[in-house]
There are 2 protein chains.
Amino acid sequence: MARAVKPTKRGYHHGDLPEALAKAAEALVREAGASGFSLRECARRAGVAHSAPGHHFGDAGGLLTEVAARGFDRLTARMRERRGDAEGPEALQRIGMAYVDFALSDPAVLQLMFHSDRVDCDNARFKRAGEAAFGELVSAVASTTGRPSPDEGTLRFAWSAVHGVSTLLINGQRQGAAAARRANPLALAEGTIRRTVHAVRTFRG
Amino acid sequence: MARAVKPTKRGYHHGDLPEALAKAAEALVREAGASGFSLRECARRAGVAHSAPGHHFGDAGGLLTEVAARGFDRLTARMRERRGDAEGPEALQRIGMAYVDFALSDPAVLQLMFHSDRVDCDNARFKRAGEAAFGELVSAVASTTGRPSPDEGTLRFAWSAVHGVSTLLINGQRQGAAAARRANPLALAEGTIRRTVHAVRTFRG
DNA sequence: AAACAATCTTGACGCCGTCCAGATCGTGGC
DNA sequence: GCCACGATCTGGACGGCGTCAAGATTGTTT
């Protein structure tokens with residue numbers, strides 16, 4: 001019988017502790033942010049001893065890196081899903097909006113993915129996941145410009161604008177300002193993405 | 001005699017402990033990032049007891065918030081300085097590059113200013129400092145569009161692109177990738193800012 | 001000179017990450 | 001069948017951390 005699929009009911013061995021720890025860590029990051037995260041609390045939620053996580057993820061940064069990598073996986077999936085079979089500027093618009101939507105629905109994880117000094121940026125799994133997400137953007141920009149491989153400058157610009165509006169909207173939500181919360185953040189992002197698509201299409205060095 | 005200017009040589013009272021703590025905290029954030037920061041280490045560097053910072057800044061978040069607010073002060077000053085008396089697109093280009101330059105010269109503090117869950121975003125001093133920096137951008141965008149007060153969408157777009165390229169460049173530097181480090185990051189940013197200025201000038205809803 | 005508020009120290013508490021030795025479990029060799 | 005072995009997890013220890021409370025020290029005011 002598959003060992004990892006059917007977890008043993010209880011006992012010294014857990015069944016699939018790495019998965020359980022990653023889930024717990026994700027939930028904890030969402031609740032308390034990267035700074036509120038703790039290995040011991042993860043272990044508690046997974047029902048194991050405080051030192052168990054270390055055997056699978058090394059240290060706290062290792063587990064957080066896994067959470068960040070999973071975030072990239074979900075981001076990639078959402079961008080693919082939202083793009084559908086769209087091509088041209090519409091593809092880029094959808095990719096951008098999917099990015100913003102992900103950021104607003106999981107702000108703590110997005111902060112972790114890009115702006116935490118606790119994740120190991122050189123981790124192979126993390127890098128692969130990040131590059132896959134970037135690939136979706138590359139594809140959409142290529143479809144917009146009509147060229148097979150868009151130039152680096154255009155890619156950097158598109159990535160910057162989409163990423164920037166996402167993080168700034170998160171920041172706006174984080175502040176108690178009523179003005180920032182009254183409007184629909186997604187609607188605010190739409191204009192920014194539109195300007196970005198416009199520049200990708202019309203800018204000539 | 002001015003009490004705060006000439007610190008007492010030694011003794012129970014420090015002279016200007018808040019200032020000394022803020023300086024120590026800034027240095028510590030630069031060395032170890034927001035996650036490596038600790039109140040006790042700050043106190044050690046300022047030569048006071050471990051609990052002294054609490055009397056002036058409340059808790060750890062309070063001191064980090066002060067560091068972030070100072071970051072905004074420096075950012076504002078640098079943008080003003082780099083803009084000089086430029087007007088029009090050139091003003092916006094310079095403001096944007098000043099922003100990137102600040103981010104690259106003080107990455108840990110910029111991360112703290114925007115992406116740390118340990119700073120109190122509702123702190124009055126912090127908000128004022130942030131709005132002052134934003135005001136510099138507003139002024140430059142206004143000068144670019146020719147209108148006295150640019151629309152919110154354009155502002156959001158410009159801020160997003162400039163901020164996004166800054167944080168992504170920081171991320172690139174943080175990763176060990178040799179490819180990212182071989183090129184001059186400021187040169188890479190220039191094209192992005194140029195595209196941003198282009199969109200601010202030419203986009204019509 | 002005495003009282004007072006501001007400033008700083010000392011000590012304590014619980015939580016944290018990390019290391020280590022040892023207990024328990026699954027599995028393959030005999 | 002059983003035994004040895006590696007993988008997995010426990011329990012305890014250590015030092016560092018943030019925060020709180022009580023007390024010592026200082027500058028100022030009365």
Side-chain angles (χ1 to χ4, degrees), chain A residues 1-25 28-29 31-67 112 116-120, chain B residues 1-25 28-29 31-67 112 116-120:
Chain A
M1 73 199 83
R3 172 186 151 284
V5 173
K6 181 182 289 186
T8 58
K9 278 310 165 196
R10 66 184 67 264
Y12 228 81
H13 281 33
H14 180 280
D16 195 356
L17 186 52
E19 180 65 23
L21 286 171
K23 297 271 191 187
L28 189 49
V29 165
E31 291 172 28
S35 77
F37 167 88
S38 93
L39 273 186
R40 287 176 113 107
E41 177 63 21
C42 284
R44 237 171 268 134
R45 296 187 179 200
V48 293
H50 56 74
S51 69
H55 295 295
H56 296 279
F57 293 99
D59 57 358
L63 184 44
L64 282 175
T65 301
E66 171 64 22
V67 172
L112 188 71
S116 171
D117 49 359
R118 302 181 75 183
V119 316
D120 174 19
Chain B
M1 73 199 82
R3 173 185 151 282
V5 173
K6 181 182 287 183
T8 58
K9 279 310 168 196
R10 67 183 67 263
Y12 228 81
H13 281 32
H14 181 280
D16 195 357
L17 186 52
E19 179 66 23
L21 286 171
K23 297 271 193 188
L28 189 49
V29 166
E31 291 171 29
S35 78
F37 168 87
S38 94
L39 274 186
R40 287 175 113 104
E41 177 62 22
C42 284
R44 238 170 267 133
R45 294 187 180 200
V48 292
H50 55 77
S51 73
H55 294 295
H56 296 279
F57 294 98
D59 57 357
L63 184 43
L64 283 174
T65 302
E66 172 63 23
V67 173
L112 188 71
S116 172
D117 50 359
R118 302 181 74 182
V119 316
D120 174 20

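Residue numbers begin at 1 in each chain, while the letters A, B, ... track the order of the sequences.
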Protein-nucleotide distance ([X], atom [atom1]; [N], atom [atom2]), rounded to Å:
| X | N | atom1 | atom2 | result |
| --- | --- | --- | --- | --- |
| A/Phe37 | C/dC16 | CZ | C1' | 12 Å |
| B/Leu39 | D/dG18 | CG | P | 5 Å |
| A/Leu17 | C/dT24 | CG | P | 19 Å |
| B/Leu21 | C/dT9 | CG | C1' | 14 Å |

Rounded to the nearest 0.5 Å, how far does [atom2] of [Y] lie from [atom1] of [X]?
| X | Y | atom1 | atom2 | answer |
| --- | --- | --- | --- | --- |
| A/Ser116 | A/Arg118 | OG | CZ | 6.5 Å |
| B/Glu19 | B/Leu17 | CD | CG | 10.5 Å |
| A/Leu112 | A/Phe37 | CG | CZ | 9.0 Å |

* To do: List in numerical order all residues of residues 40-49 of chain A for which some heavy atom is under 4.0 Å away from an atom belonging to DNA chain C.
  => A/Arg40, A/Arg44
* Asked: Near DNA chain C, which residues from residues 51-65 of chain A have a heavy atom under 4.0 Å away?
  -> A/Ser51, A/Asp59, A/Ala60
* Counterpart residues, side chain to side chain donor-acceptor pair (under 3.5 Å), relative to B/Asp117 (two or more places apart) -> A/Ser35
How close do [X] and [Y] get, heavy atom to heavy atom, and via which atoms?
| X | Y | result |
| --- | --- | --- |
| A/Leu21 | A/Ala46 | CD2-CB, 3.9 Å |
| B/Val29 | B/Leu64 | CG2-CD2, 3.8 Å |
| B/Leu28 | B/Cys42 | CD2-SG, 3.9 Å |
| A/Ala22 | A/Leu63 | CA-CD1, 4.1 Å |

Return all side-chain donor-acceptor pairs below 3.5 angstrom for residues 52-61 of chain A, not counting sequence neighbours, or 'none' if the list is empty.
unit_1, atom_1, unit_2, atom_2, d
A/Asp59, OD1, A/Gly62, N, 3.1

* Quick one: which residue pairs count as a salt bridge (Lys or Arg N to Asp or Glu O under 4.0 Å) with a foot in residues 42-53 of chain B, not counting sequence neighbours? =>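 For residues 42-53 of chain B, and leaving out neighbouring residues, the salt bridge (Lys or Arg N to Asp or Glu O under 4.0 Å) pairs sorted by first residue read B/Glu31-B/Arg45, B/Glu41-B/Arg44, B/Glu41-B/Arg45.
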* To do: Counting heavy atoms from C-beta on, name the nucleotide in D/dA13, C/dT10, D/dG18 closest to the side chain of A/His50.
  => D/dA13
* Five-pair end axes of the helix from C/dA1-D/dT30 to C/dC30-D/dG1 and the angle they enclose, rounded to 10° ->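 What I find for the helix from C/dA1-D/dT30 to C/dC30-D/dG1 is an axis angle of 10°.
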